[in-house]
> 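Please see the structure below; I have some questions.
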Amino acid sequence: MNLLALYLVFFKFGLLCFGGGYMLIPLLSAELVGPAPCPLRPEEFANLVSIAQAAPGSPEEFANLVSIAQATPGPIGINTATYVGYTQQGVPGAVVATLGIVTPALLLVILAIKLLKRYEKSLPVQGFLAGMRPASFGLILSAAVIFAELSVFTGEIPWHEYYSYLSGATAKVATGIGFRWPAFVLAAVTVVLMLRTKLSFMYLLLGSAVIGAFLCR
Amino acid sequence: MAAEPSSLEDFRKLPAMRRNWILFWSYIKITSLVIGGGYAIISAAQDDFVTRRRWLTDDDVLEMITITQTVPGILACNSAIYIGWRINGFWGAFFAMVGSILPSLIIIVLIAAGLSSIEHIIDTPAVQGAFKGIIGCIVGMVIVTALKTRRKAVKGIFGWCVALGCFIGMTLSRFHRHC
């Protein structure tokens with residue numbers, strides 16, 4: 001792919017990835033390998049392997065890199081776009097792919113802010129906001145749970161197993177889940193400090209990193 | 001660096017490039033430290049621009065989340081564009097956005113360029129532990145964001161039904177994650 005094609009492909013991804021960077025993975029797989037089975041199913045790992053086979057470098061390398069993309073600072077979608085751009089065209093490819101994916105957002109977010117301001121008082125917009133506000137709150141809470149599964153708990157909470165246990169379908173919960181006390185304490189201390197003091201999040205993050213390096217192994 | 005302006009009025013009096021630089025640098029700091037994407041970055045931006053600088057309000061954060069979710073694109077970059085536009089118009093949006101992508105661009109290019117030593121460093125127990133600690137801290141930051149927006153966000157029975165429905169659906173279904 002030349003640079004212009006790369007830019008256009010990622011521009012398209014930027015237009016299509018509703019709800020954030022994870023949508024990028026099935027989209028990428030469809031573009032580079034062929035139609036994905038269904039972008040809505042969480043078959044992310046299988047898709048990743050197929051992208052890895054299309055991209056230069058070994059599949060293990062790419063799967064490894066995606067886990068790094070999630071564990072390194074920065075937006076996950078940007079990390080993924082940068083990597084794929086780099087594999088196609090080197091550093092210029094990385095820059096072009098990343099700029100491509102954010103260009104539509106730059107225009108659309110500004111348009112959305114302007115339209116929201118202009119039609120703030122209209123009934124449909126009022127209704128839209130009345131539904132979106134509590135929905136956003138629910139999304140924030142679910143994000144907290146997902147982050148907790150990456151730190152406080154040792155893995156995904158097996159909700160389905162709890163459900164079948166509670167409904168009596170199975171006798172016991174098979175998947176055990178560990179609990180990291182230090183990470184829990186860090187989360188609790190963060191809540192208290194952020195509500196009570198004006199300490200910058202940067203000091204909280206750096207302090208947590210140091211404590212975590214010793215206690216969250 | 002010179003002293004940071006304390007209010008939005010002071011900030012607006014600064015030369016345009018200086019305003020853009022402040023936005024750019026704020027987002028560089030956020031995205032080079034925060035692991036986990038979207039909501040983590042929104043929480044950090046809330047701390048920086050709402051709690052500490054008071055340039056925006058918690059209501060704006062709610063509007064920001066609404067817009068970043070509705071418009072396609074990477075959540076973190078959408079939030080950067082929102083804040084940049086609200087504070088300093090188009091170029092503010094542009095520079096905040098560049099700030100939100102630059103650390104990733106550098107880190108990932110370094111890793112992809114085959115600096116395998118970086119990968120080995122990332123794999124050590126101490127760095128993995130540090131990441132766990134950071135994400136633990138982010139759990140707290142996201143909970144604080146939820147607490148601060150709750151009063152405006154969730155009103156009445158309808159609000160709680162939508163909020164809990166969203167929460168349960170997102171937590172159980174595992175389709176869409178934090179990015």
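Because only heavy atoms are used, hydrogens play no part in the values below, and waters and symmetry mates are left out as well, while side chains stay in. A note on names: the letters A, B, ... follow the listed sequences, proteins ahead of strands, and every chain is numbered from 1. Model, not experiment: these values are computed from the prediction.
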> May I ask you to check whether over 12 heavy atoms, not counting those of B:R54, lie within 6.0 Å of atom CZ?
no
> Looking only at heavy atoms, which two atoms of B:S100 and A:P75 are closest? And how far apart?
O-CD, 3.6 Å
> As an exercise: rank A:L108, A:I113, A:V152 by heavy-atom pairs under 4.5 Å with chain B and give me the winner.
A:I113
> Considering residues, nucleotides and ligands other than A:L123, do more than 12 of their heavy atoms fall under 6.0 Å from its CG?
no
> Can you tell which part of B:F94 gets under 4.5 Å to a heavy atom of chain A, answering side chain, backbone, both or neither?
both
> Report the residue from B:T145, B:L164, B:V162, B:T149 that forms a side chain to side chain contact (heavy atoms under 4.5 Å, CB included) with A:F137.
B:T149
> Where does B:A80 contact chain A at under 4.5 Å (heavy atoms): side chain, backbone, both or neither?
neither
> Would you check, one step at a time, whether the test side-chain contact (heavy atoms from CB on, under 4.5 Å) holds for A:F128 with B:T66?
CA-CA 10 Å; A:F128 167 77; B:T66 304; 3.9 Å; yes
> Report yes if some heavy atom in the side chain of A:I78 is under 4.5 Å from a heavy atom in the side chain of B:L105; otherwise report no.
no
> Just so I understand: if I count every heavy-atom pair under 4.5 Å between each of B:A146, B:A40, B:C137, B:G136 and chain A, which residue has the most?
B:C137
> Quick check for you: to the nearest 0.5 Å, what is the distance between B:I74 atom CD1 and A:N79 atom CG?
9.5 Å
> Find out whether A:L99 and B:I101 are in side-chain contact, i.e. whether some heavy atom of one side chain is under 4.5 Å from a heavy atom of the other.
yes
> Contact part of B:I41 toward chain A, heavy-atom cut-off under 4.5 Å: side chain, backbone, both or neither?
side chain
> Which value, rounded to the nearest 0.5 Å, describes the distance between B:S43 atom OG and A:F147 atom CZ?
7.5 Å
> Which of the residues B:R150, B:M64, B:R86 is involved in the greatest number of heavy-atom pairs with chain A at under 4.5 angstrom?
B:R150
> Can you tell me which portion of A:L199 sits under 4.5 Å from chain B's heavy atoms? Options are side chain, backbone, both or neither.
backbone
> Quick one: does B:E63's side chain get under 4.5 Å of A:L129's, heavy atoms only?
no
> With a 4.5 angstrom heavy-atom cut-off, could you sort out which part of A:F184 is near chain B: side chain, backbone, both or neither?
neither
> Measuring from B:Q69:CD to A:L139:CG, what's the distance to the nearest 0.5 Å?
5.0 Å
> Closest approach of B:G159 and A:P134, non-hydrogen atoms and distance?
O-CB, 3.3 Å
> Between B:I30, B:L33, B:I65, which has the largest tally of heavy atom pairs under 4.5 Å with chain A?
B:L33
> Compare all side-chain heavy atoms of A:R133 with those of B:K152 and state whether any distance is below 4.5 angstrom.
no
> Is it the backbone or the side chain of B:S32 that comes under 4.5 Å from a heavy atom of chain A, or both, or neither?
backbone
> Using a cut-off of 6.0 Å, state whether more than 12 heavy atoms not belonging to A:Y203 lie near its atom OH.
no
> Quick one: which of B:V154, B:T51, B:V139 has the most heavy-atom pairs under 4.5 Å with chain A, could you say?
B:V139
> With a 4.5 Å cut-off on heavy-atom pairs, point out which of A:V91, A:V102, A:L186 contacts chain B the most.
A:V102
> What part of B:M141 lies closer than 4.5 angstrom to a heavy atom of chain A: side chain, backbone, both or neither?
both
> Could you look at A:L116 and say if it's the side chain, the backbone, both or neither that has a heavy atom under 4.5 Å from chain B?
side chain
> Pair B:I143, A:M194 - check side-chain contact (heavy atoms from CB on, under 4.5 Å), show working.
CA-CA 10 Å; B:I143 289 174; A:M194 286 187 77; over 6 Å; no
> Quick one: which of B:C77, B:A163, B:C166, B:G165 has the most heavy-atom pairs under 4.5 Å with chain A, could you say?
B:A163
> Taking atom CZ of B:F90 as the centre, report whether more than 12 heavy atoms of other residues, nucleotides or ligands fall under 6.0 Å from it.
yes
> Where does A:L206 contact chain B at under 4.5 Å (heavy atoms): side chain, backbone, both or neither?
side chain
> Minimum heavy-atom separation for B:I81 and A:A105, please, with both atom names.
CD1-C, 3.7 Å
> What part of B:I168 gets within 4.5 angstrom of chain A, counting heavy atoms only: side chain, backbone, both, or neither?
neither
> For B:P103, is it the side chain, the backbone, both, or neither that has a heavy atom closer than 4.5 Å to a heavy atom of chain A?
neither
> Out of curiosity, A:S142 OG to B:Y39 OH, how far, rounded to the nearest 0.5 Å?
6.5 Å
> To the closest 0.5 Å, what do you measure between CD1 (B:I138) and OG (A:S208)?
8.5 Å
> How close do B:K132 and A:L150 get, heavy atom to heavy atom, and via which atoms?
CD-O, 3.5 Å
> So do the side chains of A:V145 and B:F167 get within less than 4.5 Å of each other, counting heavy atoms only?
yes
> Chain A heavy atoms under 4.5 Å from B:T70: which part of the residue, side chain, backbone, both or neither?
both
> Does a side-chain heavy-atom distance below 4.5 Å link B:D48 with A:S200?
no
> Show the nearest heavy-atom pair for residues A:A112 and B:I67, with the distance to one decimal.
CB-CG2, 4.0 Å
> What residue, out of A:A135, A:A183, A:G207, has the most heavy-atom pairs lying under 4.5 Å from chain B?
A:A135
> Any non-hydrogen side-chain atom of A:T190 less than 4.5 Å from a side-chain atom of B:V144?
no
> Check whether any side-chain heavy atom of B:V109 sits under 4.5 Å from a side-chain heavy atom of A:Y83, and report yes or no.
no
> Please name the pair of heavy atoms, one in A:A130 and one in B:F158, separated by the smallest distance, quoted to 0.1 Å.
O-CE2, 3.7 Å
> With respect to chain B, which residue among A:I211, A:L141, A:V192 yields the maximal number of heavy-atom pairs within a distance under 4.5 Å?
A:L141
